Novice: 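Can you read through this structure? Questions will come right after.
Letters A, B, ... are given to chains in the order of the sequence lines, protein chains preceding strands, and every chain is numbered from 1. Owing to the predicted nature of the structure, the values given are computational and were not obtained by experimental measurement. These values consider heavy atoms only, across backbone and side chains, with no hydrogens, waters or symmetry-generated copies.
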Amino acid sequence: MTADDDVEKGRPEAIRAVPVRHPGRWVAAAVVLVLVAMFVHFLFTSDALDWAEQRKYVTSDAVLKGVRNTILLTIAAMVGGMVLGTILALMRMSANPLLSGASWFYLWFFRGTPLYTQLLIWGAIGTLFPTVGIGIPFGPEFETWKTQELVTPMLAAGLGLILNEAAYMAEIVRAGILSVDEGQQEAASALGMSRSQTMGRIVLPQAMRVIVPPTGNEVLSMMKNTSLVAAVPFSELTFTAQTIYASTYKIIPMLVMACLWYLLLSSILMVGQHYLERHFSRGVGRSAEAGLRLRLSRGGGSGNERR
Amino acid sequence: MGDKLSKEPPAAESGGLMVRAERVHKSFGRLEVLKGIDLEVRQGEVMCVVGPSGSGKSTFLRCINHLEKINAGRLWVNGHLVGYREQGGKLHELRDREVAAQRREIGMVFQRFNLFPHKTALENVMGAPVWVKKQPKDQVRQKALALLDRVGLADKPRSYPAQLSGGQQQRVAIARALAMEPALMLFDEPTSALDPELVGEVLEVMKQLALDGMTMIVVTHEMGFAREVGDSLVFMDDGVVVETGTPREVLADPQHQRTRDFLSKVL
């Protein structure tokens with residue numbers, strides 16, 4: 001049919017077809033609704049949750065201290081892990097086989113053994129290395145300390161998490177650097193930029209776009225993995241909850257309370273991650289605002305646009 | 001390869017030489033890409049290099065600013081031996097910092113632009129003078145805006161590369177290279193990645209640059225540009241320079257069969 005035909009015969013009648021029915025969706029929705037209703041009912045009626053007990057402890061000094069320690073450990077482990085991980089990634093990509101070999105060995109060890117086991121070792125570090133000193137390797141020591149006194153539980157927990165996290169961050173950073181087009185380094189070199197300038201100004205900022213999303217996941221898992229430092233032992237949120245229910249015997253209320261704290265912290269982290277990702281996607285494809293506009297217009301559109 | 005090579009760098013003032021290549025060889029593993037290139041580029045000269053793909057012309061260009069290390073021969077730019085220092089009859093590799101310093105007098109424009117995507121057009125142009133030459137930001141900004149104006153992009157300083165067309169991106173890339181005030185500009189197939197209707201705007205900028213007296217080496221497939229703007233035309237094939245001359249001579253009356261074959265395919 002050509003446009004002329006349309007003009008002659010007028011616009012054809014709009015299509016009013018009988019839509020396809022989706023009975024499966026209604027069944028699924030009903031099942032979900034019933035489950036939600038059961039869950040809500042459980043939340044309000046179950047004695048085991050003991051909300052009063054939770055309210056009593058949720059902002060107590062001991063729990064707040066545990067929360068603070070969880071936050072501190074997460075920050076320390078991630079910052080330390082990122083710095084050390086970046087160094088390990090650069091070592092891994094070094095032309096020097098000793099450097100890249102050392103980095104490979106580090107990753108092999110720390111990614112190949114469980115974090116919990118590593119933290120148990122950190123708890124007993126004084127047995128492994130009774131003293132720590134500064135001196136000439138294989139030669140005399142100028143200053144010596146007892147490891148037991150030097151390495152506090154906080155330090156042992158922090159170091160354990162940092163060294164482990166660095167191994168994972170190294171791979172994330174390396175993937176990010178490899179994702180940057182080689183032409184970027186060439187262009188920077190051709191402009192007379194030094195290798196560190198090229199890395200710091202050109203390569204790493206672009207690598208961040210690839211590095212940030214998995215690092216966000218790492219922060220989330222780190223926040224939860226801090227609970228493993230009970231192995232050292234060091235009292236963060238979960239350990240504090242355990243300490244409390246060891247005397248009150250109200251196990252579930254304390255663990256649920258700890259979960260609620262973790263959920264609050266991870267929600268805050270997720271919001272932060274969203275903004276970070278937006279920042280580092282600058283200049284890539286359509287800008288973040290353009291992306292938002294696109295989504296909005298799609299949402300408000302007639303629904304038959306191509307995706 | 002044991003034959004004597006020149007010890008003396010070509011004196012810039014005597015011959016006005018910007019680039020001098022003497023029997024330059026380059027291999028990637030077993031594959032020899034350059035098999036003895038001899039070339040001279042005078043100050044202010046626009047040399048166009050043509051040839052089939054794989055003939056080594058881009059590799060030669062990359063050797064000039066030491067993005068590739070040559071295996072044999074000698075290469076001078078602006079009186080300096082590229083990548084090495086000759087001392088007591090021996091060649092010493094230059095440190096990274098010294099290589100970087102040498103590259104500052106050579107601007108390079110890439111086939112795929114290689115603009116920094118996380119920086120705006122203005123930031124792309126301002127970057128190197130601020131970071132490398134440590135020039136004051138305000139002064140660089142004025143110069144960068146003037147350069148963007150010169151390449152016809154005075155209205156785009158705040159655009160990110162992804163928001164620009166290929167032709168606009170390549171013009172920003174030219175401005176970026178010019179910001180370092182190079183003595184020599186290298187163009188590696190600057191229009192090959194562009195849609196046909198965008199080629200002209202880039203060639204026009206390059207032509208203006210040539211008229212302003214810039215020394216340029218242009219690897220290109222644009223025979224029209226070579227004929228109109230080029231002072232000399234070099235035909236490379238299989239890692240050697242087959243024929244050199246003025247563009248008119250080479251294009252109108254090629255002396256070698258290989259040149260004739262190639263030109264018959266592209267003209």
Novice: Heavy-atom count around B:K69 NZ within 6.0 Å, excluding the residue itself: above 12?
Specialist: no
Novice: For A:F105, does the CZ atom sit with more than 12 other heavy atoms under 6.0 Å from it, leaving out its own atoms?
Specialist: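 No, not enclosed.
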Novice: Is the backbone N or O of A:R201 less than 3.5 Å from a side-chain atom of B:H118, with the two atoms forming a donor-acceptor pair by type?
Specialist: yes
Novice: What pair of heavy atoms forms the shortest contact from B:A128 to A:L191, and how long is it?
Specialist: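 Nearest heavy atoms, B:A128 then A:L191: CB-CB, 3.9 Å.
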Novice: For the pair B:N65 (side chain) and A:A190 (backbone), establish whether a donor and an acceptor sit closer than 3.5 Å, ignoring hydrogens and angles.
Specialist: no
Novice: Would you give the length of the straight line joining atom CZ of B:R104 to atom CE of A:M193, rounded to the nearest 0.5 angstrom?
Specialist: 10.5 Å
Novice: I'd like to verify something: which residue of B:V99, B:L115, B:L186, B:V109 has the highest number of heavy-atom pairs under 4.5 Å with chain A?
Specialist: B:L115
Novice: Please look at B:K133 and chain A and tell me whether the side chain, the backbone, both or neither of the residue comes under 4.5 angstrom of a heavy atom of that chain.
Specialist: neither
Novice: Heavy-atom count around B:F28 CZ within 6.0 Å, excluding the residue itself: above 12?
Specialist: yes
Novice: Sort A:Q197 into side chain, backbone, both or neither according to what part of it lies under 4.5 angstrom from a heavy atom of chain B.
Specialist: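 The side chain, not the backbone.
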Novice: Measuring only between side-chain heavy atoms, which start at C-beta, is B:K119 closer than 4.5 Å to A:P205?
Specialist: no
Novice: Which bit of B:F116 is near chain A, if near means a heavy-atom gap under 4.5 Å: side chain, backbone, both or neither?
Specialist: both
Novice: At a heavy-atom separation under 4.5 Å, does B:L67 approach chain A through its side chain, its backbone, both, or neither?
Specialist: side chain
Novice: Which region of B:R176, side chain (C-beta onward) or backbone (N, CA, C, O), has a non-hydrogen atom less than 4.5 Å from a non-hydrogen atom of chain A, or is it both or neither?
Specialist: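 Its backbone and side chain both get close to chain A.
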Novice: Of all the heavy-atom pairs spanning B:D96 and A:R195, show the shortest one and how long it is.
Specialist: OD2-NE, 3.3 Å
Novice: Hey, could you give me the OG/CZ distance between A:S194 and B:R97, rounded to the nearest 0.5 Å?
Specialist: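 Rounded to the nearest 0.5 Å, the OG-CZ separation comes out at 9.5 Å.
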Novice: With sequence neighbours left out, write down each residue that passes side chain to side chain donor-acceptor pair (under 3.5 Å) with B:E181, or none if nothing qualifies.
Specialist: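 Scan of B:E181 (side chain to side chain donor-acceptor pair (under 3.5 Å), adjacent residues dropped) gives none.
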